[in-house]
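One structure is given below, encoded as structure tokens.
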Protein chains: 2
Amino acid sequence: MAKLDESLLRDLPPFSQLSKGQIRDVLDQASSKRYDPEAEIFREGYEADRFYLLLDGHIRVVRTTPEGEQIIALHIPPGQLFGIAPALQRDTYPATAFTATETLALSWPVRLWEPFVQTYPGFATESYKTLGLRLDEMQTRITELATQAVERRVAAALLRLVHQSGSQVEDGLEVAFPITRKHISEMTGTTLHTVSRLLSAWEKVGTVKSARKRIVVTNAHHLSTLSGIEC
Amino acid sequence: MAKLDESLLRDLPPFSQLSKGQIRDVLDQASSKRYDPEAEIFREGYEADRFYLLLDGHIRVVRTTPEGEQIIALHIPPGQLFGIAPALQRDTYPATAFTATETLALSWPVRLWEPFVQTYPGFATESYKTLGLRLDEMQTRITELATQAVERRVAAALLRLVHQSGSQVEDGLEVAFPITRKHISEMTGTTLHTVSRLLSAWEKVGTVKSARKRIVVTNAHHLSTLSGIEC
DNA sequence: GCCTGAGTTTGTGGTGCGACAAAGAACCTG
DNA sequence: CAGGTTCTTTGTCGCACCACAAACTCAGGC
């Protein structure tokens with residue numbers, strides 16, 4: 001296990017209200033692990049024995065249909081808790097977590113969830129707030145899938161990506177991790193072919209720039225207009 | 001306010017572990033209200049000032065798109081908490097709640113949520129378990145919307161309806177509240193026309209019986225096969 | 001460098017399902 | 001029971017999008 005520094009947690013919402021000693025305690029009980037890109041952290045349906053905090057990197061949380069198609073439920077940016085099945089009294093993970101990049105994460109055994117909630121001020125509040133945001137986003141995606149055309153859904157997905165995990169680059173906002181046309185199709189319920197066509201069209205009118213596994217949004221306003229979302 | 005009897009809560013999961021005195025306290029702080037069918041209980045975007053327990057009747061939780069289309073997020077069967085925005089640190093309701101039938105519900109001001117969680121054994125556990133189930137269902141619906149054809153989605157929606165709120169009748173399981181083709185289309189992301197055609201076809205082969213606002217599933221197995229869900 | 005595989009682009013055709021339309025059936029009110 | 005409203009059924013048409021197919025491009029390994 002890597003040596004852990006208190007400053008790792010000091011500024012992260014679930015732990016920001018804790019004293020130095022409390023942070024020390026939290027860290028003492030954590031396991032730290034580094035993952036290669038495209039590694040599996042936990043798997044859908046398996047015993048939910050730990051919960052996680054993403055320190056560095058990006059995570060894709062994925063569900064697989066009976067037919068073997070994958071759909072992306074969620075992206076986790078650094079600093080967030082994930083795999084928090086215990087918060088919802090689940091004993092198996094409802095989805096599979098893959099790393100999108102090289103990744104560093106802490107984890108704790110589920111039996112510590114309750115003590116954390118009871119003991120640490122702000123931990124419960126922040127955890128449940130995160131859950132609320134995710135629920136909200138899922139509801140929004142359901143609404144989009146149920147009512148809107150592919151172009152709007154892809155535009156909305158791109159906006160969310162750069163909003164949640166975008167890094168400022170010279171000519172716009174870039175998705176902060178490698179992402180393929182296939183991945184985007186798995187977020188929006190379409191095919192990689194359709195996504196490719198949309199990106200090509202948008203590139204022609206200067207809305208995005210893309211390369212292999214990289215996407216830069218150069219005109220977020222245009223996507224806003226297309227998707228009906230303000231940003 | 002109606003007179004409240006302790007037996008109302010004794011057998012409901014969030015309160016089942018409470019003593020008589022505790023139940024008394026919970027009831028003393030509750031407001032009880034009766035609603036007509038198709039009444040609005042709370043509205044999306046408005047201040048989330050109370051949380052609710054459905055004693056009798058059925059609730060539809062609905063989201064409205066910018067274009068004014070409605071999509072049904074959730075059905076609440078009797079005995080469940082709803083409008084539990086405070087559990088997720090939200091200060092506005094993320095959706096609107098309509099009654100599907102005549103309805104009786106209790107409610108409490110949000111400031112009591114935290115005390116309930118802290119004080120009453122089992123309350124937090126049961127509330128968060130419910131939330132987990134809803135999250136799971138939403139994830140399943142996203143997956144369906146993203147990958148499956150209309151027929152499968154409608155079959156799956158019907159199965160979920162009779163599973164969660166079905167009442168045994170002579171020739172099968174009947175959806176326990178009035179429901180139109182339009183409502184089903186708003187659960188599955190299609191049009192009432194397509195739903196009508198599907199129900200007609202299924203009626204012809206003896207899978208369902210339907211009348212105005214009523215649906216009876218007479219052959220759940222057939223729907224299972226269509227939807228790929230076991231029931 | 002060359003080779004292989006993964007990711008992307010673009011074309012062509014077919015179709016599931018939405019859009020539009022219109023009429024019928026059941027219920028509600030006075 | 002007349003008249004309106006709400007819910008349902010059924011038809012026809014068009015097209016957005018998927019399925020299939022093939023070629024192109026880039027990155028990494030040997």
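Quick note on labels: first sequence line is chain A, next is B, and so on, each numbered from 1. Any value given below was found using the heavy atoms of this structure, including those in side chains, with hydrogens, waters and symmetry copies removed.
Atom CD1 of I184(A) is separated from atom P of dT9(C) by 10 Å (rounded to the nearest Å).
Comparing the start and finish of the helix from dG1(C)-dC30(D) to dG30(C)-dC1(D), five pairs each, the helix axis swings through 50°, to the nearest 10 degrees.
With sequence neighbours left out, the salt bridge (charged side-chain N to carboxylate O under 4.0 Å, His left out) criterion links R134(A) to no other residue. L173(B) pairs by the side-chain contact (heavy atoms from CB on, under 4.5 Å) definition with V162(B), Q168(B), not counting sequence neighbours. A search for salt bridge (charged side-chain N to carboxylate O under 4.0 Å, His left out) contacts involving R212(B) returns nothing, not counting sequence neighbours. Here E38(A) pairs with R60(A) under the salt bridge (charged side-chain N to carboxylate O under 4.0 Å, His left out) rule; sequence neighbours left out. Under the salt bridge (charged side-chain N to carboxylate O under 4.0 Å, His left out) criterion, E170(B) pairs with no residue at all, not counting sequence neighbours.
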Quick one: which protein N/O atoms are closer than 3.5 Å to N/O atoms of nucleotides 26-29 of chain C? Pair and distance per line, please.
unit_1  : atom_1 : unit_2  : atom_2 : d
dA26(C) : N3     : R212(B) : NH2    : 3.3

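Under a cut-off of 6.0 angstrom, the local environment of CZ in R34(B) is crowded, with over 12 non-hydrogen atoms contributed by other residues, nucleotides or ligands.
Residue pairs meeting the side chain to side chain donor-acceptor pair (under 3.5 Å) criterion with at least one member in residues 86-100 of chain B, sequence neighbours excluded, are D136(A)-R90(B). The list of ring-ring contact (aromatic ring centres under 6.0 Å, His included) pairs with a residue in residues 128-157 of chain B, not counting sequence neighbours, reads Y128(A)-Y128(B). Sorted by first and then second residue, the salt bridge (charged side-chain N to carboxylate O under 4.0 Å, His left out) pairs involving residues 179-200 of chain B (not counting sequence neighbours) are K182(B)-E186(B).
For the segment residues 187-206 of chain B, residues with any heavy atom less than 4.0 angstrom from an atom of DNA chain D are, sorted by number, L192(B), H193(B), S196(B), R197(B), S200(B).
For DNA chain D, the outermost nucleotides in 5' to 3' order that have an atom under 4.0 Å from a heavy atom of chain B are dT6(D) to dT12(D).
Counting all heavy atoms, side chain and backbone alike, L104(B) lies closest to S32(B) at CD1-OG, 3.7 Å.
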Point to revise | From CA spacing to verdict: side chain to side chain donor-acceptor pair (under 3.5 Å), H221(A), S224(A) | key: CA-CA 5 Å; H221(A) 179 68; S224(A) 286; 5.3 Å; no
Practice item. Check step by step if side chain to side chain donor-acceptor pair (under 3.5 Å) holds for S31(A) and R50(A). Key: CA-CA 10 Å; S31(A) 299; R50(A) 306 188 73 82; 3.1 Å; yes
